[in-house]
Amino acid sequence: MEKVRVRFAPSPTGPLHIGGVRTALFNYLFAKRHGGDFILRIEDTDQTRYVEGAEDYIIESLAWCGIRFDEGIREGGAFGPYRQSDRKELYQQYAQELLAKGHAYLAFDSPEALDALRADFESRGETFTYNAAERTKLNNSLALSTDEIEAKRQAGEPYVVRFKMPVNQEIIMHDIIRGEVIVNTDTLDDKILFKSDGMPTYHLANIVDDHLMEISHVIRGEEWLPSMPLHIMLYRAFDWQAPQFAHLPLLLKPTGKGKLSKRDGDQMGFPVFPTQWNSKEGEIYSGYRESGYLPEAFINLLALLGWNPGTEQELFTMDELIQAFSLERVGKSGSRFDPEKAKWFNHQWIQRTDNRTLTERFSQLPQVQAYAHLNLPLEEMVSVLKERVDFVHQLWDESAFLFEAPVVYDETTVKKRWKEQTGGQLAELCDFLETLNDYSPAVTEPPIKAWIEEKGYGLGNIMNAMRLVLVGKSSGPHIFEILSILGKNESIRRIRKGIEVLGN
C-alpha cells in the first residue's frame, strides 16, 4: 500500500457533531493502523457561514477525545497552510487551468435570473438544473461570443466558474465500503467551482488540497456520496490520480428513523456534541465531557457505531481500536444511536479506570472541595462506590453521607429496623467497637460478627440498625467498608448520636 495520508476537513460553521467526531476517529484509526499521517485541514471557503470560536472548539474537542494530528494549523507540516482561507491565492490558477482545457466555463447568470428560471420550471411541474441540456441557453461563455464575454468582464459584471460536465458518460467508481458505484453524467449538474467573491467552492478547494497534500484515502460521511462523481471527474480533468474513497454510514436517531441532528440531543435528553458549546446567541448545548463521560468511553461507543470488529469484544482502548480497525468492516447501513448503551460504556470504563485517576476527577467536584478540610480517604471511597455509578458526579450522590453525618433518619427504615431493644444493643456494640483499633474491613468484620453471634442479637438486626444510624437510610455500600472510611471515632459518634435521637 502507498503511504497512507488521510485528512479530517471540517468547516468552522458551528460545534462538531458526534457524527463528525466519528469521521475524525475512523480517519485517525485508519492512519495509525497503517503507519500513516493524519491531517487536520480547516475548510473555511464559505465565509458567510463562519462562526467565531468554532475552529478552536473543533481542535479542543478532538484533543479531549485523544485524537491527535500529525499535521494541521497548530502542528504545522510540509504541506501547509492547513486553513483554506490562507490558501485562497492558489485556487485561481487551477480554475484557470480547467477553463483553458475546456473543462469549465464562465457563467454570468445573476441569482435573480436563476431564481426566475427555477420558478418558471416549478410552475410547469419541473425542476430546473444547470446542466448540459440547459447551459447553452443561458448567460455563460458557452452561449456568448468572445466579444460579449470580454465586454461583460470589462464592465465588471460578476461571474462564477462552472464545471462542464460531459454529456452521457458512465462514471464507474469504487467505494471501499459500498463497492462499485455507477452514475451517468446526464443526471449531474454543472457545479460552481469558483465564486464571484474570489473564493473557491468546497468542490474545487477540496480536490486541489487533497491532491497537493498527497491524500491517499478520503474517508467521509455518507452525505458526501453524491459529490463523489463530480470529484472523480475533476481528478480526471486535471489528469491527477484520485485517492481511494470510503463513505461512512449515517448516525441515526435512537428511534432508528432519520439522521441524528444537532438538536436531537437536548430534545431527547442526551448530548450530541463532544464538549459543551455556547453559541453567540446565548444557547448552551450540552457535551459529553460536561455530562460526565470519560473520553475513553465516548471514543469506544463511537467506534462501534458503524464498525464491527468481527468478534464479541465491546470494550477497546484506543490502541486496541487501532490494531483492530479496518474499513472493510464498516457497514453500509445507518447506525442507531442508543443513549442507554452510551451510559453502559461509561459505567464499564469507570470500572476499568484506576482509582487514583477517578479520585482526581472526583476531588474536583465542588461538593467534594467544600469538605476538603475533613481529609477523608477519597480514594478508598471511590474504590468502594464506583461499581454503583455510571458517572463520576454520581459518586457524590452515593457518598454524601460520608462527608456529613445524617441529621434525620428515613422514617420507613426506622419503623422497620428500630425496635425497643435496638438502642441498648447498639450501645453495647459501641463499647465493643471502642476496643478495636484497626478499622479495615478484613480486620473488623470477623470479630464484630462473632460478638453479635455470641450475644444472640441477630446479625441482620444489628447490621441494618447500624446502617440506619451511620447512613440515615437503608442503602449504601457494605457496612464494614463504611466503618473503614469513617474511622473509629466518627463511626462510634454516629452510632451514639443515632441512639440518642431514635431513642427519644
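These numbers come from the heavy atoms of this one structure, side chains and all, not from hydrogens, waters or symmetry mates. This is a predicted model, so every value here is computed, not measured.
- Proximity of a side-chain donor or acceptor of Tyr288 to a complementary backbone N or O of Pro271 within less than 3.5 Å is detected.
- Proximity of Leu402 to Leu486: side-chain heavy atoms (C-beta onward) are separated by under 4.5 Å at one or more points.
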- Message: Checking Glu411 against Lys415 for the salt bridge (charged side-chain N to carboxylate O under 4.0 Å, His left out) test, could you report, in this order, the C-alpha distance in whole Å, the side-chain angles of both residues, the deciding distance, and whether it holds?
- Response: CA-CA 6 Å; Glu411 291 184 9; Lys415 290 178 181 178; 5.0 Å; no
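- Taking the side chain as every heavy atom from C-beta outward, Glu296 and Arg352 never approach each other to under 4.5 Å.
- With Arg7 as reference, Asp210 is the one residue of Asp210, Asp209, Asn27 to meet the side chain to side chain donor-acceptor pair (under 3.5 Å) rule.
- Relative orientation of the Phe403 and Trp396 rings is tilted, given thresholds of 30° and 60° on the angle between their planes.
- Test Tyr293, Trp64, Phe345 against Phe298 for ring pair (Phe, Tyr, Trp, His ring centres under 6.0 Å) and you get one pass: Trp64.
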- List the steps and the verdict of salt bridge (charged side-chain N to carboxylate O under 4.0 Å, His left out) for Asp37 and Lys3. CA-CA 8 Å; Asp37 298 327; Lys3 169 72 172 180; 3.7 Å; yes
- Start with the C-alpha distance between Phe325 and His34, add both sets of side-chain angles, then the distance that settles ring pair (Phe, Tyr, Trp, His ring centres under 6.0 Å), and finish with yes or no. CA-CA 10 Å; Phe325 186 78; His34 296 285; 8.8 Å; no
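- In this structure, the side chain of Thr435 engages the main chain of Phe432 through a donor-acceptor pair within 3.5 Å.
- A donor-acceptor pair is defined here as one N or O able to donate and one able to accept, closer than 3.5 Å; no such pair exists between the side chain of His231 and the backbone of Ala242.
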- Please step through salt bridge (charged side-chain N to carboxylate O under 4.0 Å, His left out) for the pair Lys88 and Asp44, ending with a clear verdict. CA-CA 10 Å; Lys88 64 181 180 181; Asp44 59 346; over 6 Å; no
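- Tyr57 contributes a side-chain N or O that, together with a main-chain N or O of Thr275, makes up a donor-acceptor pair within less than 3.5 Å.
- The backbone N or O of Pro254 sits less than 3.5 Å from a side-chain atom of Arg336, completing a donor-acceptor pair.
- Partners of Ile499 according to the side chain to side chain contact (heavy atoms under 4.5 Å, CB included) rule, which considers only residues two or more places apart in sequence or in another chain, are Trp418, Leu426, Ala427, Ile495.
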- Message: Show, in sequence, the C-alpha distance, side-chain angles and deciding distance for Glu314 and Lys341, and conclude whether the salt bridge (charged side-chain N to carboxylate O under 4.0 Å, His left out) test is met.
- Response: CA-CA 11 Å; Glu314 287 191 279; Lys341 188 69 172 181; 2.8 Å; yes
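- For the atom pair CD1 of Ile232 and CE of Met173, the computed distance is 7.0 Å after rounding to the nearest 0.5 Å.
- Residues Phe8 and Ile58 come closest through the heavy atom pair CE2-CG2, 4.5 Å.
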- Item | Verdict with supporting geometry, Tyr28 and Phe38, ring pair (Phe, Tyr, Trp, His ring centres under 6.0 Å) | CA-CA 6 Å; Tyr28 175 78; Phe38 180 47; 5.8 Å; yes
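- Closest approach of Arg417 and Thr422 over heavy atoms only: O-OG1, 3.8 Å.
- Closest approach of Met466 to Leu429, counting heavy atoms only: SD-CD2, 3.6 Å.
- Closest non-hydrogen pair, Asn300 versus Leu315, comes out as OD1-CA, 3.3 Å.
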